[in-house]
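The structure under discussion appears below in the form of structure tokens.
Computed from a predicted model, the values in this text were never measured in an experiment.
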Amino acid sequence: MNVLIAGAGRLGAEIAHVLSTSGNTVTVVDPEQMRLDALRDRFDARLVLGDASEAAVQARAHAGHAALVVAATGRDEDNLVISLIAKRHFGVSRVAARVNDDDNAWLFDHHWGVDVAVPAATPLVSLIEEATGARDTVALMRLSSAGVGIIETTITEESSSAGRPLGHVALPEGTMVATVVREGQPTAPRPDLVLRPGDELLLVSHAAREQEIHSAFQ
């Protein structure tokens, strides 16, 4: 998936990090060269200098080819303009925008081109899930310094693992289930725990990719 992220601050950088290490093609736009330079050795992304609230800059960043635009700057007015340009001018199918001031939340809707409005206090994991529209398996975080990935998958009615004990699911080497969230409550991942539709599993692995986890459970 091609993703354009406006804003190379802490939030934008972390989103770019997670999505780029999950196999997506990421472009990060920021008006400050210093912030872009700080990202060069962290992950693989195209870096574009400029203000994403300008259509010409979004054009240079190839917004027209993006499946997702994330407006993650620290200014609500900028995020709204970025969203509007991405949606109306470049026809981006999915636009997510950070809401820095709760008093401005009412503005972040389809009138401004926003598909997903995310409050600033939203955890990174939830923001990425909302922004990407993930409904099944998504890399939530890759702790590059430790070489560990945290991956989530959700059991559905169609999942091959539904109705089976957790211990009967063959996991990729170097992978373990950290917890099973059932009806909003974390549950110990016992081998005899029978998986149900709606269960959300959080797995930790140093090597497995999302597709491998998907194949094991889905």
Side-chain angles (χ1 to χ4, degrees), residues 1-3 5 10-26 28 39 41-45 67-68 70 72 93-94 96 98 115-218:
M1 178 171 65
N2 290 325
V3 182
I5 299 171
R10 183 193 61 80
L11 181 64
E14 290 301 326
I15 296 172
H17 187 192
V18 173
L19 293 181
S20 65
T21 54
S22 301
N24 300 286
T25 300
V26 175
V28 181
L39 304 183
D41 297 326
R42 290 189 56 190
F43 47 82
D44 184 23
L68 167 67
V70 181
S93 59
R94 191 168 184 83
R98 178 187 189 184
D115 297 301
V116 179
V118 186
T122 301
L124 177 65
V125 165
S126 298
L127 187 152
I128 293 171
E129 289 177 329
E130 293 246 20
T132 59
R135 290 295 179 269
D136 177 29
T137 303
V138 59
L140 300 180
M141 192 180 303
R142 183 158 296 275
L143 307 177
S144 56
S145 60
V148 175
I150 301 177
I151 302 173
E152 182 189 55
T153 192
T154 300
I155 307 303
T156 68
E157 295 282 356
E158 293 75 29
S159 298
S160 61
S161 59
R164 296 172 56 195
L166 180 59
H168 290 189
V169 178
L171 298 177
E173 185 177 354
T175 300
M176 63 175 291
V177 178
T179 189
V180 177
V181 180
R182 175 172 292 173
E183 297 179 352
Q185 298 297 321
T187 303
R190 305 184 313 274
D192 62 347
L193 179 67
V194 177
L195 297 174
R196 303 175 185 171
D199 286 350
E200 299 179 17
L201 283 72
L202 196 66
L203 301 98
V204 179
S205 178
H206 72 273
R209 306 287 294 177
E210 295 95 308
Q211 187 55 46
E212 294 176 89
I213 301 299
H214 178 93
S215 298
F217 287 95
Q218 305 302 332

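- Around CZ of Arg196, the count of heavy atoms belonging to other residues, nucleotides or ligands within 6.0 Å does not exceed 12.
- Atom CG of Asp44 sits about 8.5 Å away from atom OG1 of Thr25, to the nearest 0.5 Å.
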### Task
Take Val118 and Arg98 through the test side-chain contact (heavy atoms from CB on, under 4.5 Å) and record every step on the way to the result.
CA-CA 5 Å; Val118 186; Arg98 178 187 189 184; 5.6 Å; no
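- In this structure, Asp192 places its CG atom where more than 12 heavy-atom neighbours from other residues, nucleotides or ligands lie under 6.0 Å away.
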### Query
What's the verdict on side-chain contact (heavy atoms from CB on, under 4.5 Å) for Glu14 and Arg42, showing C-alpha distance, side-chain angles and the deciding distance?
CA-CA 10 Å; Glu14 290 301 326; Arg42 290 189 56 190; 3.1 Å; yes
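- Nearest heavy-atom pair across Ala16 and Val28 is CB-CG2, 3.7 Å.
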### Message
Evaluate Leu171 against Met176 for side-chain contact (heavy atoms from CB on, under 4.5 Å), listing each step before the verdict.
### Response
CA-CA 7 Å; Leu171 298 177; Met176 63 175 291; 5.5 Å; no
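- Note that CG of Leu39 is 9.5 Å distant from OG of Ser20, once rounded to the nearest 0.5 Å.
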### Task
Give the C-alpha distance, both sets of side-chain angles, the deciding distance and a yes or no for side-chain contact (heavy atoms from CB on, under 4.5 Å) between Leu166 and Leu201.
CA-CA 10 Å; Leu166 180 59; Leu201 283 72; 4.0 Å; yes
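- Closest approach of Ser93 and Ala67 over heavy atoms only: OG-O, 3.2 Å.
- Separation of atoms CD (Gln218) and CD1 (Ile155) is listed at 5.5 Å; rounding is to 0.5 Å.
- In terms of heavy-atom proximity, Arg182 sits nearest to Leu195 at NH2-CA, 4.0 Å.
- Looking only at side-chain heavy atoms (C-beta outward), Ile5 and Val26 come within less than 4.5 Å of each other.
- Heavy-atom minimum distance, Pro191 versus Pro165: O-CB, 3.5 Å.
- Applying side-chain contact (heavy atoms from CB on, under 4.5 Å) to Phe217 and the options Asp199, Thr156, Thr153 leaves one that passes, Thr153.
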